[in-house]
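In what follows, a structure is listed as structure tokens, so that the remarks can point back to it.
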Number of protein chains: 2
Amino acid sequence: MGRKRADLLQGTLDLLVLRVLSREDLHGWGLSKRIRQLSGDVLEVNQGSLYPALYRLRDRGLIEGSWGISPEGRRARFYRLTRAGQKEVDAEQENWRLFTAAVERVLVAD
Amino acid sequence: MGRKRADLLQGTLDLLVLRVLSREDLHGWGLSKRIRQLSGDVLEVNQGSLYPALYRLRDRGLIEGSWGISPEGRRARFYRLTRAGQKEVDAEQENWRLFTAAVERVLVAD
DNA sequence: AGGGATACCTTGACTTTCTAGGCAACCGAT
DNA sequence: ATCGGTTGCCTAGAAAGTCAAGGTATCCCT
């Protein structure tokens, strides 16, 4: 019900995850912290949204996961972009830009 | 399943409707055409999304509707912003800007 | 008579997100 | 030794918004 700040708009989470993973392989927990940090503490990624999103992306063949050891020395599953994911992130970002530009046009119309 | 663009991101429709109504009173059909036109034919508003959105906004007390005659001479329900709606549109727009700026920061990081 | 445009409205499925948990291992402090 | 905090993964159920696909009615033009 209440609209908090930090609530994500449907569809943006996939793009954010893909874009961050396009720069570095990360595990879920780290991804969450990275997105929050990069966004300047504006975007909060819920675990309950993140993991389902990762499985979605994996099922679509855009990312792959493998177990490893986190910088903190814990067992963690690291994700990396597949070839398809590298293409998808560019497409989705282009899309996002087109979309926000269109919204902006409506917002500022004369 | 397929993701077309023109699909709206959840949450933006309310803002678009409020912003357009903040400049002119319109009925559903006209609102739909106006948003498409202002966005440069990028944003398509489905009737099945628009009417529920209008009722939501009405139930939240942000807009009011009244029957009238459209420019084409047809019976149509015109909506206008309430006082609360005028405040809300500014708040939601500010919110949208903060959100997109945060996303952009993640997208272009280093 | 028929088709197209205008205009309103509803239903059901679908997708995504959120809330709110659970589980486990590790670490520092008491 | 145990307690709380952190790291880390995962899931179930509910809530919300959008979409596809309808239906209804009136008006106008051919």
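So that the names make sense, note that chain A is the first sequence line, chain B the second, and so on, each numbered from 1.
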Task: Qualifying residues under side-chain hydrogen bond (donor to acceptor under 3.5 Å, both in side chains), relative to B/R97, sequence neighbours excluded - done: A/E104
Task: Spacing between B/L8 atom CG and D/dA20 atom P, to the nearest angstrom - done: 11 Å
TODO: Measure from the side-chain heavy atoms of B/W29 and tell me the nearest of C/dC8, C/dT16, D/dC9.
DONE: C/dC8
TODO: Please name the residue in the list A/L98, A/V106, A/V103 that meets the side-chain contact (heavy atoms from CB on, under 4.5 Å) test with B/S39.
DONE: A/V106
Could you write out each protein N or O paired with an N or O of nucleotides 23-29 of chain D at a distance under 3.5 Å?
from, atom 1, to, atom 2, distance (Å)
D/dT26, O2, B/R74, NH1, 3.0
D/dC27, O2, B/R74, NH2, 3.2

Open item on the list: Looking at A/Y51, is its backbone amide N or carbonyl O close enough to the side chain of A/R56 to form a donor-acceptor pair, meaning the two atoms are under 3.5 Å apart?
Closed with: no
- [ ] Take the protein atom NE2 of B/H27 and the nucleotide atom C1' of C/dC9, then report the distance between them rounded to whole Å.
- [x] 15 Å
- [ ] Look at the aromatic rings of B/F78 and B/H27 and report parallel, tilted or perpendicular, splitting at 30° and 60°.
- [x] tilted
Open item on the list: From CG of B/L26 over to C1' of C/dA7, roughly how many Å is that when rounded to an integer?
Closed with: 13 Å
- [ ] Measure from the side-chain heavy atoms of B/K33 and tell me the nearest of D/dC19, D/dG8, C/dT6.
- [x] C/dT6
Open item on the list: For residues A/V89 and A/Y55: do they belong to one hydrophobic cluster (side chain heavy atoms under 4.5 Å, members Ile, Leu, Val, Met, Phe, Trp, Tyr)?
Closed with: yes
Open item on the list: Using modelled atom types and a 3.5 Å cut-off, is there a donor and acceptor pairing between side-chain atoms of B/T100 and backbone atoms of B/W96?
Closed with: yes
Open item on the list: Taking only side-chain N and O atoms of B/N46, does any of them lie within less than 4.0 angstrom of OP1 or OP2 on D/dC19?
Closed with: yes
Could you pull out the protein-nucleic contacts involving nucleotides 10-13 of chain D (nitrogen or oxygen on both sides, under 3.5 Å)?
from, atom 1, to, atom 2, distance (Å)
D/dC10, OP1, A/R77, NH2, 3.2
D/dC10, OP2, A/Y55, OH, 2.7
D/dC10, O5', A/Y55, OH, 2.9

- [ ] Round to the nearest Å and state the distance from B/R34 atom CZ to C/dT6 atom C1'.
- [x] 16 Å
Open item on the list: Checking B/R34 against B/Q37: is there a side-chain donor and acceptor pair closer than 3.5 Å?
Closed with: yes
Open item on the list: Output the rounded distance in Å from CZ (B/R60) to C1' (D/dG17).
Closed with: 13 Å
- [ ] Would you kindly give the CG-to-P distance between A/L50 and C/dA20, to the nearest whole Å?
- [x] 19 Å
Open item on the list: Output the rounded distance in Å from CG (B/L57) to C1' (D/dG17).
Closed with: 12 Å
Open item on the list: For B/E24, is there an ion pair with B/R80 - N to carboxylate O distance below 4.0 angstrom?
Closed with: no
Task: Atom-to-atom span, CD of A/E72 to P of C/dA25 - whole angstrom - done: 18 Å
Task: hydrophobic_cluster_shared for B/W29 and B/L16, side chain cutoff 4.5 Å - done: no
